[in-house]
Amino acid sequence: MFDVASPFFLPVWRRQLVVAIVVSWGLFELATGATIWGMIFLGMGGIAAFKFWTADWSAVAEEDEEA
């Protein structure tokens with residue numbers, strides 16, 4: 001999807017906002033009857049949450065300070 005180990009995502013609120021928007025859109029799609037799109041967006045939100053959770057943010061912060 002995209003590089004989650006980006007210095008842009010160092011603030012926790014940005015990571016949470018991305019996941020919340022994608023999951024909310026998936027729920028909206030499910031509520032309007034677009035089941036396939038809803039499942040796609042919920043899956044993308046889950047993958048993004050997992051990648052944000054497992055990323056090494058201390059290494060990203062150090063890399064950002066060096067640049």
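Treat the numbers as computed from the prediction; the structure is a model and nothing was measured.
Cation-pi geometry between Arg15 and Trp57 is satisfied (NZ or CZ under 6.0 Å from the ring centre, within 45° of the ring normal).
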Which pairs of donor and acceptor atoms, one on a side chain in residues 23-36, lie under 3.5 Å apart (sequence neighbours left out)?
from: Ser24; atom 1: OG; to: Ala20; atom 2: O; distance (Å): 2.7
from: Trp25; atom 1: NE1; to: Glu29; atom 2: OE2; distance (Å): 2.9
from: Thr32; atom 1: OG1; to: Phe28; atom 2: O; distance (Å): 3.2
from: Thr32; atom 1: OG1; to: Glu29; atom 2: O; distance (Å): 3.0

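Residues meeting the side-chain contact (heavy atoms from CB on, under 4.5 Å) test with Ala5, sequence neighbours left out: Asp3, Val60. Partners of Trp13 under the side-chain contact (heavy atoms from CB on, under 4.5 Å) rule, at least two apart in sequence or in another chain, are Pro11, Leu17.
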**Request:** Tell me, with the steps shown, if Met44 and Ile40 meet side chain to side chain contact (heavy atoms under 4.5 Å, CB included).
**Result:** CA-CA 6 Å; Met44 287 176 21; Ile40 288 171; 4.0 Å; yes
**Request:** May I have the step-by-step check of side chain to side chain contact (heavy atoms under 4.5 Å, CB included) for Val18 and Arg14, ending in yes or no?
**Result:** CA-CA 6 Å; Val18 167; Arg14 287 184 183 162; 5.6 Å; no
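A continuous path of hydrophobic side-chain contacts links Phe8 to Phe52 [ILVMFWY only; heavy atoms under 4.5 Å].
Contact between Val22 and Gly45 at its shortest, heavy atoms only, is CG1-N, 3.5 Å.
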